[in-house]
Amino acid sequence: MKYRRIVILTGAGISAESGMGTFRDKGGLWTTHSLEDVATPEGFARDPALVHTFYNLRRAGLKSAAPNRAHFALAEFEQEARSRGSDVMLVTQNVDDLHERAGSLSIIHMHGELTSAACVSCGARARWEQDLGLDSLCPGCGRRGALRPDVVWFGEVPYGIDEIHDRISTCDLFVSIGTSGEVYPAAGFVGLAAGQGAHTVELNLEPSANAGFFSEGLYGPATQVVDRWLNALLHSGG
């Protein structure tokens with residue numbers, strides 16, 4: 001395989017077939033909840049109980065969700081690519097843990113994780129799998145009611161953004177899977193990669209808002225197109 005520095009971006013579309021709700025599709029999470037209410041620091045300050053309820057339901061949904069074929073295909077690809085001397089970094093906008101459960105190892109959760117809590121008082125981050133509430137105690141400072149979901153809300157800086165930019169600016173293959181192409185800074189990654197001469201590929205249910213920036217596209221359910229494209233890549237020498 002000729003590609004040696006690979007960055008793969010995943011979005012909600014890769015987890016949709018595992019039962020995790022998407023945001024912008026018909027019936028998506030933003031059609032039933034205002035993002036200003038549940039996905040901003042101001043919304044949390046205004047009504048933390050509502051925000052906790054929203055994310056507690058999503059966290060509980062992880063228990064019935066399982067990695068699908070697309071998640072496993074990425075984990076298998078990472079292992080095989082590394083055995084051939086290639087470096088693979090997985091950057092996900094998703095806050096679920098399905099990539100980890102499928103076996104992926106090199107992951108940046110740029111939008112945080114449902115199974116983590118952050119303290120607004122001391123800044124501590126901790127593994128958290130149960131419900132969060134107004135009475136939850138921070139394991140770092142012991143303050144009651146200071147914990148929030150450890151997810152990146154609108155107006156906040158994504159986790160690992162400097163490392164992500166460094167990796168994309170030196171990659172020779174950039175693949176985007178299941179993203180809308182509407183949320184920045186992730187929507188701008190393809191432009192950064194293409195500007196550095198990387199081959200850019202979109203694997204999606206349908207063309208995204210920035211599909212025109214990709215040099216290659218394959219469309220259909222993630223459980224079908226991801227496995228097919230990655231296998232073709234490994235066996236084509238491309």
Side-chain angles (χ1 to χ4, degrees), residues 7-35 38-39 53-78 88-104 107-116 129 149-154 158-159 174-187 189-190 200-211 213-214 216-232:
V7 177
I8 300 173
L9 172 70
T10 65
I14 197 170
S15 294
E17 292 175 83
S18 292
M20 301 302 295
T22 58
F23 288 87
R24 286 168 175 77
D25 292 337
K26 183 179 180 181
L29 295 171
W30 293 153
T31 66
T32 56
H33 293 83
S34 167
L35 66 89
V38 298
T53 297
F54 177 78
Y55 288 97
N56 286 342
L57 288 171
R58 296 193 66 201
R59 193 178 303 108
L62 285 177
K63 297 177 181 178
S64 60
N68 62 50
R69 183 57 209 152
H71 295 103
F72 286 112
L74 282 172
E76 293 161 7
F77 173 79
E78 177 186 350
V88 180
M89 169 61 72
L90 183 61
V91 178
T92 185
Q93 296 173 276
N94 298 338
V95 294
D96 61 57
D97 60 354
L98 299 182
H99 283 304
E100 287 86 349
R101 287 158 59 186
S104 290
I107 309 170
I108 295 179
H109 279 270
M110 63 179 294
H111 290 165
E113 301 179 66
L114 281 175
T115 54
S116 180
E129 297 184 1
D150 190 13
V151 297
V152 177
W153 288 328
F154 288 92
Y159 289 130
F174 174 78
V175 185
S176 176
I177 302 172
T179 69
S180 67
E182 297 178 356
V183 179
Y184 284 84
F189 291 168
V190 60
T200 57
V201 181
E202 175 171 75
L203 307 177
N204 214 349
L205 184 61
E206 57 188 22
S208 67
N210 59 358
F213 291 96
F214 291 90
E216 182 181 349
L218 181 63
Y219 302 102
T223 51
Q224 298 176 22
V225 299
V226 174
D227 198 11
R228 185 195 319 163
W229 190 86
L230 291 176
N231 273 314

Would you indicate whether the side-chain heavy atoms of I8 and E78 approach each other to under 4.5 Å?
no
Going through the checks in order, is the side chain to side chain contact (heavy atoms under 4.5 Å, CB included) test met by T10 and V91?
CA-CA 6 Å; T10 65; V91 178; over 6 Å; no
Does the side chain to side chain contact (heavy atoms under 4.5 Å, CB included) test come out yes or no for T53 and L57, once each step is laid out?
CA-CA 6 Å; T53 297; L57 288 171; 4.3 Å; yes
Could you tell me which non-hydrogen atom of E182 sits nearest to which non-hydrogen atom of A187, and how far apart they are?
N-CB, 4.1 Å
Are side-chain heavy atoms of I108 and M89 found at a separation under 4.5 Å?
yes
Determine yes or no for a side-chain-to-main-chain donor-acceptor pair under 3.5 angstrom, with S18 supplying the side chain and M20 the backbone.
no
For the atom pair CG (L205) and CD1 (I177), what is the distance rounded to the nearest 0.5 Å?
13.5 Å
Among pairs that include at least one residue of residues 7-18, which meet salt bridge (Lys or Arg N to Asp or Glu O under 4.0 Å), considering only residues two or more places apart or in two chains?
none
Checking N56 now: which residues fulfil side chain to side chain contact (heavy atoms under 4.5 Å, CB included) with it, not counting sequence neighbours?
H52, R59, D131, L132
Could you pull out all residues at least two apart from D96 that satisfy salt bridge (Lys or Arg N to Asp or Glu O under 4.0 Å)?
none
The criterion is side chain to side chain contact (heavy atoms under 4.5 Å, CB included); which residues satisfy it with F72, sequence neighbours excluded?
P67, R69, E76, A102
Kindly compute the distance separating CE (M110) from OG1 (T92), expressed to the nearest 0.5 Å.
9.0 Å
Under 3.5 Å: donor-acceptor pair, side chain of D150, backbone of G112:
no
With a 4.5 Å heavy-atom cut-off, do V201 and F174 have their side chains touching?
no
Between N204 and T179 (side chain of the first, backbone of the second, donor and acceptor by atom type, cut-off under 3.5 Å), is there such a pair?
yes
Those residues that, when tested against H109, pass ring pair (Phe, Tyr, Trp, His ring centres under 6.0 Å) (two or more places apart)
none
Can you establish whether the number of heavy atoms outside F213 located under 6.0 Å from its atom CZ is more than 12?
no
I'd like to check the side chain to side chain contact (heavy atoms under 4.5 Å, CB included) partners of A211; sequence neighbours left out, ordered by chain and number.
E202, P207, S208, Y219
Kindly give the heavy-atom pair with the smallest separation between G13 and A222, and that separation in Å.
O-CB, 4.0 Å
Closest approach of A73 to D227 (non-hydrogen atoms, all atoms of both residues)
CB-OD1, 3.8 Å
Any chance you could measure F77, atom CZ, to W229, atom CH2, to the nearest 0.5 Å?
6.5 Å
With side chain to side chain contact (heavy atoms under 4.5 Å, CB included) as the test, would you mind laying out the steps for W153 and H111 before giving the verdict?
CA-CA 8 Å; W153 288 328; H111 290 165; over 6 Å; no
CG (L203) and CD (Q224) are apart, to the nearest 0.5 Å, by 12.5 Å
Expected output: side-chain N94 to main-chain A12 donor-acceptor under 3.5 Å
yes
Roughly how far, to the nearest 0.5 Å, is the OG atom of S176 from the CZ atom of F214?
4.0 Å
Report the distance from atom CD of Q93 to atom OG of S15, rounding to the nearest 0.5 Å.
11.0 Å
So, do V175 and L9 sit near enough that their side-chain heavy atoms are less than 4.5 Å apart?
no
Would you tell me whether H71 and S104 have side-chain atoms, one donor and one acceptor, within less than 3.5 Å of each other?
no
Would you say L62 and T115 make side-chain contact, with heavy atoms under 4.5 Å?
yes
With side chain to side chain contact (heavy atoms under 4.5 Å, CB included) as the test, would you mind laying out the steps for I14 and H99 before giving the verdict?
CA-CA 10 Å; I14 197 170; H99 283 304; 3.9 Å; yes
